[in-house]
Chemist: 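Encoded as structure tokens, here's the structure I'll be asking about.
Predicted, not measured: the structure shown is a model, and the values here were computed from it.
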There are 4 protein chains.
Amino acid sequence: MDSSTAPARDGRPDGTEYGTPRRGRPRSEAVDQAIMDAVERLMAGGSSLAELSMEGVAQAAGVGKATVYRRWPNKEALLIDVVRRLEEPEPELAGESARDDLVALLDFLRRRGLAKRSRWILKAALSQMGSLPALQSLYQERVVRRRQELAREVVRRGVASGEFRSDVDLDLLVEILVAPMLVRSVLWQDAPLDDPRLSELMVDTAMQGVAAPAAG
Amino acid sequence: MDSSTAPARDGRPDGTEYGTPRRGRPRSEAVDQAIMDAVERLMAGGSSLAELSMEGVAQAAGVGKATVYRRWPNKEALLIDVVRRLEEPEPELAGESARDDLVALLDFLRRRGLAKRSRWILKAALSQMGSLPALQSLYQERVVRRRQELAREVVRRGVASGEFRSDVDLDLLVEILVAPMLVRSVLWQDAPLDDPRLSELMVDTAMQGVAAPAAG
Amino acid sequence: MDSSTAPARDGRPDGTEYGTPRRGRPRSEAVDQAIMDAVERLMAGGSSLAELSMEGVAQAAGVGKATVYRRWPNKEALLIDVVRRLEEPEPELAGESARDDLVALLDFLRRRGLAKRSRWILKAALSQMGSLPALQSLYQERVVRRRQELAREVVRRGVASGEFRSDVDLDLLVEILVAPMLVRSVLWQDAPLDDPRLSELMVDTAMQGVAAPAAG
Amino acid sequence: MDSSTAPARDGRPDGTEYGTPRRGRPRSEAVDQAIMDAVERLMAGGSSLAELSMEGVAQAAGVGKATVYRRWPNKEALLIDVVRRLEEPEPELAGESARDDLVALLDFLRRRGLAKRSRWILKAALSQMGSLPALQSLYQERVVRRRQELAREVVRRGVASGEFRSDVDLDLLVEILVAPMLVRSVLWQDAPLDDPRLSELMVDTAMQGVAAPAAG
DNA sequence: CGATAACCGAGACGGTACGTCGAGTCTTGGC
DNA sequence: GCCAAGACTCGACGTACCGTCTCGGTTATCG
């Protein structure tokens, strides 16, 4: 299992497993946490991502700079793990109906969108990633792609089971089903997300289509 | 009034009018342009917002640093004016059928996503330029909101004319119809955009729905 | 005239002349001095050369690190200029008699040896050079070689004028005349140097030889 | 008593005796030697005292850093023991003629200057190891002073036997006879030392003096 | 027309942070 | 208790930009 796509608590930030025997003094997990705690503390203290310095993080964590760099090669990699630690774990999908799984997936995105607004650390971290493109693409690779593939897999299953149309390109199918929630939770700033039935509504509406029903 | 939100074509970047008589040698407008050109060139060259340095901009523009700072107090203010300069024309909508107008709207998005010149704006400015809040809100206000309203208006018309369902919240309707292209052109990094029939396909599929047709 | 062999006050530490017109804001001579003053102050405060850090020098001088590095590429080069500033200027040689010039030269070495003991900054700087070989070889090149050549020139003149033997290799001649003072002032730690007639005595004794005069 | 001035061959570098019974696994003498070998190897490879790092020494010796620090508290103490190990036997003097003994003494210096192995000791340890005062004073005491006294004794004998002038201060006599070789072998960087008759030449020339012989 | 004042390129200035390296100490598992 | 390995805190290294400042020199406009 590749730890780099797994939640941080399953393995070391740098991908080595905690159980793996190593030579020499092992890295302290307490230090891992102290560093990430320090990042959260600084962000909560009002710093922007750009103001956040490795120097400051190390100092706030009571740790040498080298100790930070031993775990994460740069600010981006560190921030990804901090953000991962902040996010809810992805939903376990029951796998019975593709429609239900899709609703669960969208609802995860919805809750995440809400959290991004309420827990402004997440908001700051996620929205400020744009100015650190390495962070963005790393996050893309480690987190976003995984969810994309999850969605594709669910939709593929839905096509096979006869729930979804089979005469449309899979990518397009995925986009129509997932994009509405993605846009509302990520792109648009103030769209409402608190209705817990929103996910159901979106999936079902996308399935039925938005054309007016044929008369008669 | 904050000069950084005033339209560029109305005056100097720093809010002074070109016609205003001053003592001494007046600022060269050519220099304004050279600096903004340099920013675009650097960004088009693949730099990120974080990599973009005032030092580098000045050098690329063949200009002293003080000359840049004389016009813009910081990187953010400079970028705002550069983004303003990039502003693209809105799509012209025929207004005959809501479905056709929507296709035109989506195709505008598609073509913009393909355009290399504005790519960095799409990435940096639209989706995640949270670290430059003034830039973000400017762009949000002047570009995003207007197109949102355009889309809402078209869909509203479609509902009135009986093209679209009337039993669904308008916002949801808009999202289902527009989000797929928005996601593909802005959020997903290398999604294919070159098929000119993509916009049609998206609108029509969203209208028909993606559920498998009922058997029999 | 090569400023790098001239005393520091004839030119910039980095070899550029003060009079040379340059573009941009010229370097401040006051800063040159402030930096070298700071080095002296720190050394006088009891630091060893190894403890002396560029970081500390910059701070003590109230100057940015870059400002130090703009003038001197490394600690060695800076220290050389500090030492040069501390040393007495080399003697002007009258040129009338080679013997007298040699005495003057040796007396310069003698006084320098005394200074090295009384002004312990000089002592520390000169004696600790060994651990900074780059400094040593730079000093060798810029200061020592110059004096060596001066001595050779004087002795060569003495041979030509018939003051010194001509049947002996020039290098050997120089060594026999100069080495005694060199050893006493540089190598041996506690040898007496305060007798102002020592230089005369050394040159004259070396000239006459130390063999017992033939009997009869 | 400072263990670092105790003779190495009498006990462990840190002053513990080899024979002393202790609890647990005893220190390996092979490791002592491996570490000191590594220092010599690195220095012979052209490193300077400043470049020599404990880190590098441990690695070159294939030894943990703690193992080095268990024996020597710092770089200086380690170097002292390495220098001690390098110490060369003193020249044996026949004692027949003072002039011949002096030639033998100078030739010992000459050959040592040629020896590549002890070159770094000559440079680093002898002439300018001021930054390691303990090393300097140890070497001064144990090596330099004894040879100085040896030279003084020989010259004193030469004065008594009528070989050397008796109207000159003994120190001055010694310096004139010994300094030329000392300077050439220690102070001047690349002076030629390979002529085996150099020592003879130096002593004889110094004895005869370098003044031109009186005419007629 | 000449003075004046703001402009211009260049680059020095005091700072802050970068990512690396070594010092000397501590902590593993194994001998 | 020794050993190799390597993590730990600390502090300096030399570089890059920040935003400000000071040079010599260049235009416009005003008197």
Chemist: Rounded to whole angstrom units, what separation is found between the CD atom of B/E29 and the P atom of F/dT27?
Modeler: 18 Å
Chemist: If you check every side-chain atom of D/T67, which of E/dC7, F/dA4, E/dG9 has the closest atom?
Modeler: F/dA4
Chemist: In whole Å, I'd like the distance from the CH2 atom of C/W72 to the C1' atom of F/dG14.
Modeler: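 Between C1' of F/dG14 and CH2 of C/W72: 16 Å.
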Chemist: Give a yes or no on this: more than 12 heavy atoms of other residues, nucleotides or ligands lie within 6.0 Å of atom CD of C/Q59.
Modeler: no
Chemist: Strictly under 3.5 Å: I want the nitrogen or oxygen pairs between protein and nucleotides 19-22 of chain E, one per line.
Modeler:
unit_1 : atom_1 : unit_2 : atom_2 : d
E/dG19 : OP2    : A/Y69  : OH     : 2.2
E/dG19 : O5'    : A/Y69  : OH     : 3.2
E/dG19 : N7     : A/K65  : NZ     : 3.0
E/dG19 : O6     : A/K65  : NZ     : 2.7

Chemist: Looking at every non-hydrogen atom in both residues, tell me the closest pair between B/A38 and B/V57 and how far apart they are.
Modeler: CB-O, 3.9 Å
Chemist: Take atom CZ of A/R25 and atom C1' of F/dA7, then tell me their distance rounded to the nearest Å.
Modeler: 5 Å
Chemist: Carefully, step by step, assess B/L78 and B/R71 under the rule side-chain contact (heavy atoms from CB on, under 4.5 Å).
Modeler: CA-CA 8 Å; B/L78 167 56; B/R71 282 146 222 265; over 6 Å; no
Chemist: Taking only side-chain N and O atoms of B/R71, does any of them lie within less than 4.0 angstrom of OP1 or OP2 on E/dC8?
Modeler: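 Indeed, a polar side-chain atom of B/R71 lies that close.
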Chemist: Decide yes or no on side-chain contact (heavy atoms from CB on, under 4.5 Å) for B/V68 and B/E55, but give the supporting numbers first.
Modeler: CA-CA 9 Å; B/V68 181; B/E55 198 110 15; over 6 Å; no
Chemist: Using rotation axes that map the C1' atoms of four end pairs onto the next four (five pairs an end), what angle separates the end axes of the helix from E/dC1-F/dG31 to E/dC31-F/dG1, to 10°?
Modeler: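 The end axes of the helix from E/dC1-F/dG31 to E/dC31-F/dG1 are about 20° apart, to the nearest 10°.
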Chemist: Return the set of residues passing side-chain contact (heavy atoms from CB on, under 4.5 Å) with B/R25 (not counting sequence neighbours), or none when no residue passes.
Modeler: none
Chemist: Between CE of A/M43 and CG of A/L79, what distance do you get to the nearest 0.5 Å?
Modeler: 7.0 Å
Chemist: Measure the CZ-CE distance between A/R41 and A/M36 for me, rounded to the nearest 0.5 Å.
Modeler: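 Separation between the atoms: 13.0 Å.
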Chemist: At less than 4.0 Å, is any side-chain N or O atom of C/R23 found next to OP1 or OP2 of F/dT22? Yes or no.
Modeler: no
Chemist: Which part of the nucleic acid, if any, lies within reach of A/G62 when heavy atoms closer than 4.0 Å are counted: base, sugar-phosphate only, or nothing?
Modeler: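 Touches sugar-phosphate only.
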Chemist: Does the side chain of A/R70 get closer than 4.0 angstrom to OP1 or OP2 of F/dC8 through an N or O atom?
Modeler: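 So the side chain of A/R70 is within the cut-off, an N or O lying under 4.0 Å from OP1 or OP2 of F/dC8.
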Chemist: Would you please test D/W72 and D/I35 for side-chain contact (heavy atoms from CB on, under 4.5 Å) and show each step?
Modeler: CA-CA 11 Å; D/W72 296 278; D/I35 294 170; 3.7 Å; yes
Chemist: If I take atom CD1 in residue B/I35 and atom C1' in nucleotide E/dC7, what distance separates them, rounded to the nearest angstrom?
Modeler: 12 Å
Chemist: Report yes if a donor N or O on one partner sits less than 3.5 Å from an acceptor N or O on the other, where the partners are the side chain of D/R27 and the base of F/dC2; otherwise report no.
Modeler: no
Chemist: For D/D32, is there an ion pair with D/R70 - N to carboxylate O distance below 4.0 angstrom?
Modeler: no
